[in-house]
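Since the structure comes first, as structure tokens, the remarks are kept for the end.
Starting from 1, each residue takes its place in the sequence as its number. We count ligands from 1, going down the list as the structure has it; atoms in each ligand are counted the same way.
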Amino acid sequence: MTIYDKIGKTLQQLGISDAQGVESLFAELRKAAEQERAELVSRGAPNQPQRERLCKALRDRWLARKGGFLSQVDENWLKPSSRDLKPAVGRQFNELRRFAAGLEFEKLVEALPLQQEPSQQEELPLGSVAARPAPRDLTLPGLRRPLGSIHPVTRMQREIEDIFLRLGFWIESGPEIESTYYNFDALNIPETHPSRDDWDTLYIDSKTVLRTHTSPVQIRAMEKYGAPLYIIIPGKCYRHDNPDSTHSPMFHQIEGLAIDKDITFADLKGTLDFFAKMLFGEKVRTRFQPSFFPFTEPSGEVAVSCFVCDGQGCRVCKESGWIELMGCGMVHPQVLRNGGIDPDKYCGWAFGLGVDRFAMVKHDIHDIQLFFQGDVRFLEQF
Ligand code: DAH
């Protein structure tokens with residue numbers, strides 16, 4: 001006799017007269033419930049409506065108020081049980097109810113895997129043709145997946161890289177977590193030198209910083225490759241700055257470095273003028289003004305005539321006619337020496353520029369924060 005047959009009989013008819021018998025009878029029933037659930041989950045369902053139907057059928061089979069297995073147990077086992085057995089049967093019945101609740105027949109719908117392909121041989125009961133999954137409508141439009149695009153800062157970085165790659169430079173990179181030696185000392189910025197304050201540095205410990213510029217990679221590359229050397233170094237830099245429309249604690253720079261025999265300031269001017277014309281258009285002019293950086297001597301600031309108003313003064317150049325581009329200079333002999341290169345044989349020039357600023361100028365964007373907030377409404381315009 002199966003457990004399902006037993007549900008239709010009373011305990012007396014089944015010859016059960018002690019608590020132990022009751023217990024094993026209920027255990028058998030719990031096992032059956034568990035098995036039915038497992039079987040359904042392992043079979044899955046061909047589609048969503050079918051899934052809901054199968055789950056509801058299983059739930060009703062066990063829990064329906066009228067005729068469900070639990071209510072039959074109540075009717076046939078519990079109610080007519082003898083005085084002696086009633087407490088045991090009651091306890092087991094409650095246990096069974098808790099057990100059935102734990103199987104979550106109601107929530108099974110979500111757990112039930114949907115079969116990918118509705119099987120053609122699936123045996124449906126007669127008269128249920130309507131339950132067969134509808135054939136797919138191949139004329140419906142497909143799902144449109146929104147395509148991403150290159151981030152404006154990355155795009156600007158690549159444009160700049162491309163110009164220098166054409167000139168025979170190659171791309172080098174270095175660590176963002178950097179020693180104070182490479183970030184400062186080797187670049188001719190000794191510990192006590194006031195210019196260290198120019199870089200609002202984020203320290204990790206007394207000898208480790210988040211690099212404040214890409215210049216430390218100059219030294220690393222000199223050590224690694226020696227001279228001659230023609231590289232650009234794009235990368236993230238960090239400074240202890242409060243975020244506002246022109247400052248971000250994380251930003252991007254590109255460093256340029258050319259080291260060879262007989263390199264002069266004229267090479268620096270010529271290269272950067274060519275670069276500015278490639279990026280902003282043939283008609284722009286460049287302007288070099290003296291400046292100071294500890295790692296270059298002499299040092300300069302490069303500006304380009306405004307590519308929007310051609311130097312007349314407008315919103316982009318803040319009415320000045322010029323746009324500041326970068327710092328540059330001839331590599332300081334001590335910096336060459338620190339990189340293991342003999343300054344009597346080789347010399348060179350270097351520059352450093354802010355990629356985010358370039359992208360802001362190019363696209364007339366007034367808040368650097370927009371680049372880093374990940375707002376799709378902003379990013380999808382590029
Ligand atoms: N490292 C400088 C900064 O972050 C920028 C710079 C200026 C880099 C002049 C250079 C250079 O290589 O020659 O402010």
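Taking the six-membered ring where the residue is Trp, His363 and Phe382 present perpendicular rings, their angle passing 60° and hence far from 30°. Phe93 and Phe26 have perpendicular rings, their planes meeting at more than 60° on a 0 to 90° scale where under 30° would count as parallel. Aromatic ring orientation, Phe184 versus His213: tilted (interplanar angle from 30° to 60°). Taking the six-membered ring where the residue is Trp, Trp349 and Phe169 present tilted rings, their angle falling between 30° and 60°.
Listed by number with element, the atoms of ligand 1 under 4.0 angstrom from any heavy atom of Trp199 are 3 (C), 4 (O), 14 (O). Against a heavy-atom cut-off of under 4.0 Å, His213 is close to the following atoms of ligand 1: 1 (N), 2 (C), 4 (O). Interface of Ala350 with ligand 1, defined as ligand atoms under 4.0 Å from a residue heavy atom, comprises 12 (O), 13 (O). Listed by number with element, the atoms of ligand 1 under 4.0 Å from a non-hydrogen atom of Gly329 are 13 (O). If you number the atoms of ligand 1 from 1 as listed, the ones under 4.0 Å from a heavy atom of Cys328 come out as 9 (C), 11 (C), 13 (O).
Every heavy atom of Trp349 sits 4.0 Å or more from the atoms of ligand 1.
The heavy atom nearest to atom 4 (O) of ligand 1, out of those in Glu255, Gln218, Arg239, is found in Arg239. Comparing Pro216, Ser215, Cys237 by heavy-atom distance to atom 1 (N) of ligand 1, the nearest is Ser215.
For Arg37 and Phe99, the positive end is not near the middle of the six-membered ring at less than 6.0 Å and at most 45° from its axis. Geometrically, Arg211 does not engage Tyr182 in a cation-pi contact defined by less than 6.0 Å to the ring centre and at most 45° from the axis.
Not a single N or O atom of Gly327, backbone or side chain, sits closer than 3.5 Å to an N or O atom of ligand 1. Checked by distance only, ligand 1 and Phe293 stay at 3.5 Å or farther apart across all their nitrogen or oxygen atoms. Here's the thing with Gln253: one of its N/O atoms is less than 3.5 angstrom from an N/O atom of ligand 1.
A ring-ring contact (aromatic ring centres under 6.0 Å, His included) with Phe351 holds for exactly one of Phe164, Phe288, Phe295; it is Phe164.
Salt bridge present: Lys277 and Asp273 bring a charged side-chain N and a carboxylate O closer than 4.0 Å. A salt bridge links Glu324 with Arg287; the closest basic N to acidic carboxylate O contact falls under 4.0 Å.
Scanning the protein heavy atoms around atom 2 (C) of ligand 1, the nearest turns out to be Phe295 CZ, 3.8 Å. Considering only non-hydrogen protein atoms, atom 5 (C) of ligand 1 sits nearest to Gly352 CA, 4.0 Å.
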